[in-house]
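Take a look at the structure set out below.
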Amino acid sequence: MSAFTCDYSGATAAPSPNFGERAGGRSPDIILLHYTGMATADGALKWLRAPESQVSCHYFVHEDGRVEQLVREADRAWHAGKSIWKGEADINSASIGIEIANAGHPGGLPDFPEMQVKAVVELCLDCGRRWEIAPERVLAHSDVAPIRKVDPGEKFPWMRLHAAGVGHWVAPSPIAGGRFFQRGDSGQPVEALQTMLSLYGYGTEINGFYSEKTEGDVAAFQRHFRPERVDGIADFSTIDTLHRLLSALPRLAA
């Protein structure tokens, strides 16, 4: 593992051998956030640096806010796996991967400590400035790999990140009654929902049938943008939140 100078001045180098070249010399325009999902930060960091793991990330953020860089930003870290966003399937070539030490769902979804959240904000702001990454392209692993992945989870403080200038967010619409769509439903309203998810970036199939895949995409959306209830059911709160997020995108704003 070769030493390198960290791209982010707040990081220390902890090189991982698990990387390659970005396809076609692609520059990153996504920041992808993960939780480690392991019992200890040291165990997770060791795994991300082990040749046999075949996984890595660009940055690792400890609970106390320390940041270590495992792979140069110019290189392709192996963190996203099979994934898709805006029709692009090689998310590793398109992104900077940040692993956040947290036991996640296997460990009961512990809170993210204040110092850790501050460190993630500062790191994302720095990467975002240097690579001119749009707010709506600061994503969860679960956004690009619904069903397969659920990190960084529904307790990750996306609203706090947005308040500090990181990511895309609107206040979720309150959960209330009214019409909803769920697995097995079909028709034009389902097709409209699928179209909205696809426009935002999810790899949703637009076929008018509320399949397991659509349910998974809705759950991923909820986990990020309407975390109060993650059930894969498209209720008014979910659909209205999605509509307002789309309306807030610069390229779609009237």
Side-chain angles (χ1 to χ4, degrees), residues 1-38 41-42 44-51 53-81 83 85-86 88 90-102 112-141 143-145 151-152 156-158 160-162 164-168:
M1 290 183 281
S2 301
F4 56 80
T5 300
C6 292
D7 296 292
Y8 172 54
S9 62
T12 57
S16 171
N18 303 328
F19 67 91
E21 295 182 359
R22 293 187 184 273
R26 188 161 179 344
S27 297
D29 61 6
I30 291 173
I31 295 174
L32 197 65
L33 301 183
H34 309 250
Y35 66 42
T36 55
M38 294 179 67
D42 288 345
L45 183 59
K46 182 177 180 181
W47 182 243
L48 290 163
R49 301 179 69 204
S53 75
Q54 294 291 289
V55 294
S56 62
C57 60
H58 292 94
Y59 293 100
F60 188 98
V61 184
H62 290 266
E63 292 99 329
D64 61 5
R66 287 178 294 122
V67 179
E68 299 193 65
Q69 185 169 0
L70 282 65
V71 174
R72 297 186 315 141
E73 291 176 9
D75 293 321
R76 181 181 184 272
W78 304 338
H79 58 97
S83 50
W85 192 255
K86 284 285 183 182
E88 185 167 13
D90 186 0
I91 300 300
N92 282 335
S93 286
S95 64
I96 294 171
I98 299 174
E99 286 278 359
I100 304 164
N102 184 283
F112 294 84
E114 179 66 27
M115 290 300 294
Q116 187 179 50
V117 174
K118 287 181 63 178
V120 170
V121 165
E122 291 169 6
L123 174 58
C124 288
L125 286 172
D126 188 80
C127 292
R129 280 192 296 263
R130 286 185 289 103
W131 292 103
E132 298 182 346
I133 295 173
E136 64 270 19
R137 291 179 75 82
V138 180
L139 302 170
H141 196 190
D143 289 321
V144 302
D151 57 308
F156 188 72
W158 291 104
R160 290 179 57 194
L161 265 68
H162 180 257
V166 175
H168 191 218

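Owing to the predicted nature of the structure, the values given are computational and were not obtained by experimental measurement.
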Listed by chain and number, what are the side chain to side chain donor-acceptor pair (under 3.5 Å) partners of [X], not counting sequence neighbours?
X      : result
Glu68  : His62
Asp143 : Tyr202, His224
Asp75  : Arg72
Glu63  : none

Could you state the interatomic distance from [atom1] ([X]) to [atom2] ([Y]), rounded to the nearest 0.5 Å?
X      : Y      : atom1 : atom2 : value
Cys127 : Ile96  : SG    : CD1   : 4.0 Å
Ile91  : Leu139 : CD1   : CG    : 8.0 Å
Leu123 : Gln69  : CG    : CD    : 8.5 Å
Tyr59  : Asp7   : OH    : CG    : 4.5 Å
His168 : Leu161 : NE2   : CG    : 14.0 Å
Ile30  : Ser83  : CD1   : OG    : 8.5 Å

List in chain and number order the residues that pass ring pair (Phe, Tyr, Trp, His ring centres under 6.0 Å) with His141, two or more places apart in sequence or in another chain; answer none if no residue qualifies.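 Checked His141 against ring pair (Phe, Tyr, Trp, His ring centres under 6.0 Å); matches are His34.
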Which residues pass the ring pair (Phe, Tyr, Trp, His ring centres under 6.0 Å) test with Phe112, not counting sequence neighbours?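 Counting only residues at least two positions away or on another chain, Phe112 forms a ring pair (Phe, Tyr, Trp, His ring centres under 6.0 Å) with Phe156.
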Quick check: does any side chain N or O of Arg49 sit under 3.5 Å from a backbone N or O of Pro15, one acting as donor and the other as acceptor?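 Yes, because the side chain of Arg49 sits within donor-acceptor range (under 3.5 Å) of the backbone of Pro15.
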Mark yes or no for whether Arg76, through its side chain, and Phe19, through its backbone, hold a donor-acceptor pair below 3.5 Å.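 No: the side chain of Arg76 does not pair with the backbone of Phe19.
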[X] and [Y]: which non-hydrogen atoms are nearest, and at how many Å?
X      : Y      : answer
Ala140 : Trp158 : CB-CZ2, 3.6 Å
Cys57  : Val71  : O-CG2, 3.4 Å
Asp90  : Ala23  : OD2-CB, 3.6 Å
Ala41  : Ala101 : CB-CB, 3.7 Å
Leu33  : Pro152 : O-CD, 3.4 Å
Ser56  : Ser16  : CB-OG, 3.6 Å

Could you go through the side chain to side chain contact (heavy atoms under 4.5 Å, CB included) check for Val67 and Thr12 one step at a time? CA-CA 7 Å; Val67 179; Thr12 57; over 6 Å; no
Do [X] and [Y] make a side-chain contact, defined as non-hydrogen atoms from C-beta onward lying under 4.5 Å apart?
X      : Y      : value
His58  : Leu70  : no
Arg160 : Val117 : yes
Asp64  : Met115 : no
Ser53  : Leu48  : no

Side chain to side chain contact (heavy atoms under 4.5 Å, CB included) assessment of Ser95 paired with His79: CA-CA 9 Å; Ser95 64; His79 58 97; 3.1 Å; yes
Sequence neighbours excluded, which residues qualify as side chain to side chain contact (heavy atoms under 4.5 Å, CB included) partners of [X]?
X      : answer
Gln54  : Asn18, Trp78
Ala134 : Glu136
Ala44  : Thr36, Met38, Phe60
Ala164 : Val121

Under the salt bridge (Lys or Arg N to Asp or Glu O under 4.0 Å) test, residues paired with Glu88 that sit two or more places apart: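 Partners of Glu88 by the salt bridge (Lys or Arg N to Asp or Glu O under 4.0 Å) criterion, ordered by chain and then number, come out as Arg26.
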Going by the rule salt bridge (Lys or Arg N to Asp or Glu O under 4.0 Å), which residues pair with Arg22 if we only count those two or more places apart in sequence or in a different chain?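 Arg22 satisfies salt bridge (Lys or Arg N to Asp or Glu O under 4.0 Å) with no residue once adjacent residues are dropped.
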Between Asp126 and Arg130, is there a side-chain N and carboxylate O pair less than 4.0 Å apart?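 Salt bridge flag = yes for Arg130 with Asp126.
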